[in-house]
Amino acid sequence: MLARLARLLAGSTLILGLGCGGPQQVPPECPPTATERVEKKGAKTPGSATVADAEAFLKQVEPELLELWVARERASWVKSTFITHDTELIAAKADEAVMEAVARRAAEATRFDGLKLPAELRRKLDLLKVSLSLPAPRDPKKRAELARIANGMESVYGRGKVCTKYSEKCLTLDEVSEILAKSRNEPELLAVWEGWHKIAVPMRGDYARYVELANEGARGLGFKNLGEIWKGRYDMSGDAFEAEVDRLWEQVRPLYQDLHCFARSRLQAKYGKKKVKDGAPIPAHLLGNMWAQEWSNLMDLFAPGKDAAAVNFEGALKEKGVDPVGMVKYGEGFFTSLGLTKLPKSFWERSMFKRPMDREVVCHASAWDIDFEADLRIKMCIKVNEEDFTTIHHELGHNYYQYYYRHQPALFRDSANDGFHEALGDVIALSVTPSYLTKVGLLKKEGAPGLTPLMNRALEKVAFLPFGLVVDKWRWDVFAGKTRPSDYNRAWWELRRKYQGVAPQKARGEELFDPGAKYHVPANVPYTRYFLAAILQFQFHRAFCKLTGHKGPLHTCSIYQNKEVGKRIQAMMELGQSRPWSEALKAATGEEKMDASAILAYFEPLHTWLRKENRGKTCGW
Ligand code: X8Z
Ligand code: ZN
C-alpha cells in the first residue's frame, strides 16, 4: 500500500527538540518574537531567502503535492482492491512520483533553514520533510526499486494463503482468523498459526533491501535513519518520544501483568500445565488472534462469571439479518447521533465492504480519502461479528477526521498526531456499551452491571498495549542497524517475550521472517500510533463523559446522541494538524500530556478483581 496510511503520515509533525527561539528553527508552537513580528513579507535576512519567498514556495508545493497524493491514492486503491502485476506497477509509479517530489522540494526548502518564519510557514516546511513514511534515495533506479519492493511485499501479504490438513482448500487470513477465534483444538490452532507465518518467508530478503534503501532516502532528508523520521513526528525529539512511550508503558504494565497472570491460569485450566507452563510466556497460538494482540475471542474461557454470552451481540446481528452494509450503517448512525454529517453517497457506492470472490485484494481494513476532499471510502472484508463491528467504528473515525480537516491547507490535512487518527473511531467504539446496544436493539436486556463487559473490553484494549509497542521497537532497532538481518527473528521474539509475555510453541529460526506476518511490517505502516491511541482514547472518553454529566463507572458511559461532545470532537478534527498535538489535546480534554491514568481508572474495578483472583499465583514470566 503506502495508501491511506502512508498518506495519513503525509505530514505529521516534526520539531527537532528545540526550545523556543532555538538556533536553527522556530518551533511552530512558539509565539512570534518581537523581531519576527516586524519581519514582514519581503524582509531580507542574512541569506537571500525572504519570508515572501517561503510563502511563494509553499504556494507552489502544496497544490503540486496534493495532485501527486491524489494520483497515488487512486493507483493504490485500484491495486489494493485488485492485486495484479500491472496494478502493482502502476501503484509503484505513483509512489515514485511522490517520493521524487518530496525529496526535491525538501532539498529546495533547505534555503529557508536559517530564516525566521511565521509559525505556520515553519510548521509546513517541517512537515514537508517528514511527510513520507517511505523516503527514497534521489537515484531514480533505487527509487523505482524501493517502490517496487514496498508494493510487492504488501501484495505478497494480501495474497497469503494457509494450507493445512485441517481443510481441503487453502484459507485466507480472514478464514484462519476465525479458526483462531473459535477453535479450541490446540493442534489445529498451531497448524494455522504456523501456516500463516510461512507467507512471510519470501519477504525476508526484500525487507533487508527495503531497509537499506529507505534509510538512504532518510539520510538524504537529513535524518539518521527511517526510524528517526517516524519518531520525529510528535513535536519533540526522537529520544524524548521513545522515553515518553516507555513512561506510558510503565504506567500500564502492572495492569497488563495482572491480566496476563489471570489469562495464563485460565488457559492452563483449558489446555493443561504441560502446554501452558507456570512462570513462562503463554504460547502465542492460544490467545485467539494471530498476533496475540487482542484476546476478546476467548471470552468463553475468561469471563469472570458465567455470563459471557450477556455481552455477545453477534447472534443478534445474525438473527436480524444485518449484512456488511448494515453494519456500517450502525457505525454511521453513531456518528450522526453526535450531530456529525452523514457519509456521502459516493462512500456507499465506492467502498469495498466484502471480500470479492473473483480477485485478490488487500483485506486488511483501511479508510481512504481519495481526493482529500470528500471521496471517502473504506476497504474491508467485513464479517458479521463483534470484532468487525468495532473495526467499522475505527475506520469511520478515520473518514470523519479526513472529512472535517479538508478545509485545511494540504500540509495540515492530517490528525494532530497519528495516535489521534487511530483513537477517534475507537472513542466512539468505547461508547458501544450494553446500554447503547440495548437502545439500538442489538442486546435484549442490558444485563447485570457485572464485570463481564469490562473484561471483554480489557481483552481488547489492555491485551493490546505491549503489542502496540513491540512492532516499532523492533523496527526502530532494525532501521538503526542495531538489529541485523541475521537477527531479525531472534530480536522479534525477544521483544514479544519481554513485553507481551508470549512465545512461539517451537523455536523459530532465521530462515523464517515472523515480523512479516503482521500487515504493518510489509505495508510500511508505523505502529506506535496504535499504542498511543490505546492511551489517548481513554483520555478522550473520560473528558467527554464528564461533559455528558455521566455518573458512575467510566465503562458504563456512552456518548451516544450527545451533541455537545459531537461539537468538541468536530472542533478537534477541524484543526487537522495545523497546531501541535498538545494544543489539540488540551482543547478536547483540558489535558496537555498523554497520560495513562484514564485507562487505569476505566479498568480499576476489573483490576481490583484481578488482583484478588491472582492471589497465591506466581505471576510474571
Ligand atoms: O490496522 C489497524 C486498523 C487500520 S488502521 C484496522 N489496527 C491495528 C491492527 O489491526 O493491528 C487497529 C488496531 C491495531
Ligand atoms: Zn486505523
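Read the numbers this way: they start at 1 and go in the same order the structure lists the ligands and their atoms.
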ask   = Just distances here: any N/O of H520 and N/O of ligand 1 closer than 3.5 Å?
value = yes
query = Is E395 near ligand 1, meaning one of its heavy atoms is under 4.0 Å from it?
reply = yes
ask   = Without hydrogens or angle criteria, can the side chains of Y234 and D418 be said to hold a donor-acceptor pair below 3.5 Å?
value = yes
task = Please say whether Q293 places an N or O atom under 3.5 Å from an N or O atom belonging to ligand 1.
result = yes
ask   = Does Y499 OH have over 12 foreign heavy atoms under 6.0 Å away?
value = yes
task = Assess R377 against W77: is NZ or CZ under 6.0 Å from the centre of the six-membered ring, and within 45 degrees of the ring's axis?
result = yes
query = Just checking, any donor-acceptor pair under 3.5 angstrom between side chains of Q402 and D369?
reply = no
ask   = Counting from 1, what ligand 1 atoms have a heavy atom of K518 closer than 4.0 Å?
value = 9 (C), 10 (O), 11 (O)
inquiry  = Between E422 and the Zn ion (ligand 2), is there a contact where an N/O/S atom of the residue lies under 2.8 Å from the metal?
reply    = yes
message = Tell me whether Y527 reaches ligand 1 (any heavy atom closer than 4.0 angstrom to a ligand atom).
response = yes
note = If we number the atoms of ligand 1 from 1 as shown, the ones under 4.0 Å from a heavy atom of A365 are 4 (C), 6 (C)
request  = Evaluate whether atom NZ of K161 has more than 12 neighbouring non-hydrogen atoms of other residues, nucleotides or ligands under 6.0 angstrom away.
outcome  = yes
inquiry  = Looking at N456 and T452, would you say the former's side chain and the latter's main chain have a donor-acceptor pair under 3.5 Å?
reply    = no
ask   = Between S558 and S431, is there a donor-acceptor pair closer than 3.5 Å when you use the side chain of the first and the backbone of the second?
value = yes
ask   = Are any of the N or O atoms of H364 closer than 3.5 Å to those of ligand 1?
value = yes
query = Any N or O of H394 that comes nearer than 3.5 Å to an N or O of ligand 1?
reply = no
ask   = In ligand 1, which numbered atoms sit nearer than 4.0 Å to a non-hydrogen atom of H398?
value = 5 (S)
query = Is the Zn ion (ligand 2) less than 2.8 Å from an N/O/S atom of H398, whether that atom is in the backbone or a side chain?
reply = yes
Closest candidate by heavy atom, reference atom 8 (C) of ligand 1, pool W291, Y530, F467 = Y530
message = Among W474, Y527, F467, W291, which residue satisfies the ring pair (Phe, Tyr, Trp, His ring centres under 6.0 Å) criterion with H520?
response = Y527
